[in-house]
**Q** 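First, the structure itself, so that you have it in front of you.
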Amino acid sequence: MTETPHILLVDDDSALLQALPQTLHLRIAGINIDTCNEAKCALEQISHNDYDAIISDIKMPGMDGLELLRQIKKVRSATPTILITGHGEHDLAIQALRGGAYDYIQKPIDRDTFVASLQRAIQTYQLHRQVVTQQIALAQHANMLEYQVQKRTSELSEANQTKEKLFSIVAHEIKQPLSNLKGMAQLLQQQVDRQVPAESLVQGLQEIEHALERTELLVQDLLDTSLIETNLFVLHCQRQDLVALCQRILQEYTAGTAGPRLMSEVKGRPLMAEVDESRLCQVLLNLLGNARKYSPQGSTIIVRVQQLGYQAIISIQDEGPGIVVEEQEKIFEQFYRVPGIEPQAGIKPGVGLGLYISRKIIERHGGHIAVESRPGAGSTFAIYLPIAIDETTTDIIPGAEPHTAAVWTLIH
Ligand code: ADP
């Protein structure tokens with residue numbers, strides 16, 4: 001027996017109701033016995049307690065043992081019930097067994113037989129209880145597995161839909177520049193055949209170059225997305241000063257004549273973080289590109305490097321159209337473009353992968369990316385990165401106001 005047994009003894013014979021518990025206490029360690037001198041009281045007890053076994057006399061005034069057995073079967077069908085019959089009352093014993101009794105004991109009661117039968121009954125019921133518990137656990141496990149299968153299936157179907165969308169976008173986006181390229185190449189061929197002067201060919205060649213660049217960018221975005229999706233995206237991080245890194249990027253970005261102009265710069269002390277330089281550069285160029293793509297010419301773009309506790313923040317603030325709150329989460333998803341926000345004239349819209357890739361790159365660095373924006377009031381995209389901590393990092397005040405390390409102002 002695994003648990004302390006709890007049983008119910010029902011008999012109108014008060015002498016037996018006293019004697020039997022004494023015998024049982026001596027032979028079954030720790031047994032807990034409730035007694036009733038009539039069936040009604042027994043039913044009341046049974047409704048409150050899940051007994052390991054019930055022993056009842058068959059012959060009792062009012063409700064007899066057989067009727068009590070029927071009632072027990074209704075409320076506690078699995079509880080083993082042993083009935084006590086008078087000597088030679090074989091008919092009653094058979095009726096008891098047919099009515100679902102676990103066993104019967106004849107009077108005068110042979111104590112060994114009685115105890116052995118009761119112990120079997122208790123063991124049977126305790127095993128039954130364990131089986132039920134295990135069945136419930138199994139059913140719960142099966143439910144959990146089913147839930148996981150459903151969840152995985154819906155993830156797979158979502159991934160499949162994304163892939164289908166990707167194929168259709170790739171086909172559409174690559175088809176356009178390819179047919180442009182084909183047309184331009186044919187035109188150049190005709191011009192070469194007609195021996196048009198070399199200068200006239202230059203424009204055509206430039207257009208071909210632009211179309212190729214755009215296709216190259218698109219292919220690069222798709223490649224990055226595929227690396228992220230298949231978990232093959234690897235970072236090569238090194239300790240870098242974010243102020244110096246931004247300085248280099250912005251100097252290169254503003255060096256050409258077609259790009260924005262660097263109006264002013266305020267550089268403070270270094271701010272170190274473990275980053276993959278080329279990937280962080282990719283994110284910054286994407287954010288700068290968006291700031292220029294979506295805001296009016298001549299407007300200002302401000303880039304800041306700040307420290308807030310254990311985090312470094314690189315933010316890019318523009319004077320573009322701004323984004324309504326409901327759209328702000330969605331722009332970091334794949335292929336999402338805010339309806340009604342168009343690039344400045346002459347700039348082709350992207351496919352909506354830039355911010356998705358940027359978010360994944362920053363998350364891989366242990367950071368996050370966020371936008372603060374209001375329609376008509378421009379947008380600020382902020383990259384949060386954990387700063388590198390070593391024995392020289394002494395002056396970190398968690399939760400304080402951000403401390404600005406560097407600011408650059410660009411006009412585009
Ligand atoms: P896209 O190639 O379309 O620019 P992104 O993933 O970089 O793709 O951006 C997703 C969308 O978020 C853009 O299509 C645009 O609607 C919106 N968006 C991104 N940056 C800005 C910005 N600085 N100002 C306003 N809207 C922006």
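No hydrogens, no waters, no symmetry mates; every other heavy atom, side chains included, goes into these values. Note that ligands are numbered from 1 as they come in the structure, with each ligand's atoms numbered from 1 the same way.
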**Q** Would you please classify the geometry between the Phe381 ring and the Phe332 ring as parallel, tilted or perpendicular, with 30° and 60° separating the classes?
**A**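 Perpendicular.
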**Q** Taking atom CD of Glu209 and atom CG of Leu181, what is their separation to the nearest 0.5 Å?
**A**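 Rounded to the nearest 0.5 Å, the CD-CG separation comes to 11.0 Å.
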**Q** Checking contacts here: is it the side chain or the backbone of Asp318 that comes within 4.0 Å of ligand 1, counting heavy atoms only? Could be both or neither.
**A** side chain
**Q** How far is atom 2 (O) of ligand 1 from its nearest protein heavy atom, and which residue and atom is that?
**A**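 Answer for atom 2 (O) of ligand 1: Gly350 CA, 3.1 Å.
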**Q** Is there a heavy atom of Phe332 sitting under 4.0 angstrom from any atom of ligand 1?
**A** no
**Q** When you measure from atom 25 (C) of ligand 1 to each heavy atom in Ile323, Val338, Ile347, Asn290, which option holds the nearest one?
**A** Ile323
**Q** Whether Asp224 and Arg279 form a salt bridge (side-chain N of Lys/Arg under 4.0 Å from carboxylate O of Asp/Glu) is what I want to check.
**A**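 Result for this pair is yes, salt bridge flagged.
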**Q** For atom 5 (P) of ligand 1, what is the closest protein heavy atom, and at what distance to 0.1 Å?
**A**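 Among all protein heavy atoms, the one nearest atom 5 (P) of ligand 1 is Leu355 N, 3.6 Å.
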**Q** Please report which non-hydrogen protein atom sits nearest to atom 13 (C) of ligand 1, along with the residue it belongs to and the distance in Å to one decimal place.
**A** Tyr294 OH, 3.3 Å
**Q** Under a 4.0 Å threshold between the charged nitrogen and the carboxylate oxygen, would Glu333 count as salt-bridged to Lys330?
**A** no
**Q** What atoms of ligand 1 come closer than 4.0 angstrom to any heavy atom of Ser379?
**A** 24 (N)
**Q** Touching ligand 1 at all, Lys293? Heavy atoms, strictly under 4.0 Å?
**A**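 So Lys293 counts as touching ligand 1.
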**Q** Of the protein's non-hydrogen atoms, which lies at the shortest distance from atom 3 (O) of ligand 1, and what is that distance?
**A**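 Heavy-atom neighbour on the protein nearest atom 3 (O) of ligand 1: Arg337 CD, 3.0 Å.
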**Q** Please state which protein non-hydrogen atom is closest to atom 8 (O) of ligand 1 and give its distance, to 0.1 Å?
**A**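 So the nearest neighbour among protein heavy atoms is Gly352 CA, 3.1 Å.
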**Q** Could you measure the distance from the CD1 atom of Ile55 to the CG atom of Leu8? Nearest 0.5 Å is fine.
**A** 8.0 Å
**Q** Just by distance, no angles: are the side chains of Gln306 and Thr404 close enough, under 3.5 Å, to form a donor-acceptor pair?
**A**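 Yes, a side-chain donor-acceptor pair sits under 3.5 Å.
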**Q** Out of all atoms in ligand 1, which are within 4.0 Å of some heavy atom of Tyr336? Include the element for each.
**A** 10 (C), 11 (C)
**Q** What is the closest protein heavy atom to atom 12 (O) of ligand 1, and at what distance does it sit?
**A** Ile331 CG2, 3.3 Å
**Q** What atoms in ligand 1 come closer than 4.0 Å to a heavy atom of Val351?
**A**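 Result: 2 (O).
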**Q** To the nearest 0.5 Å, what is the distance between CD1 (Ile369) and CD1 (Ile383)?
**A** 5.0 Å
**Q** Taking side chain as C-beta onward, heavy atoms only, is Leu284 less than 4.5 Å from Ile316?
**A**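 Yes, side chains in contact.
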**Q** What I want to find out is whether Glu44 reaches Lys40 closely enough, with some N-O distance under 4.0 Å, to be called a salt bridge.
**A** no
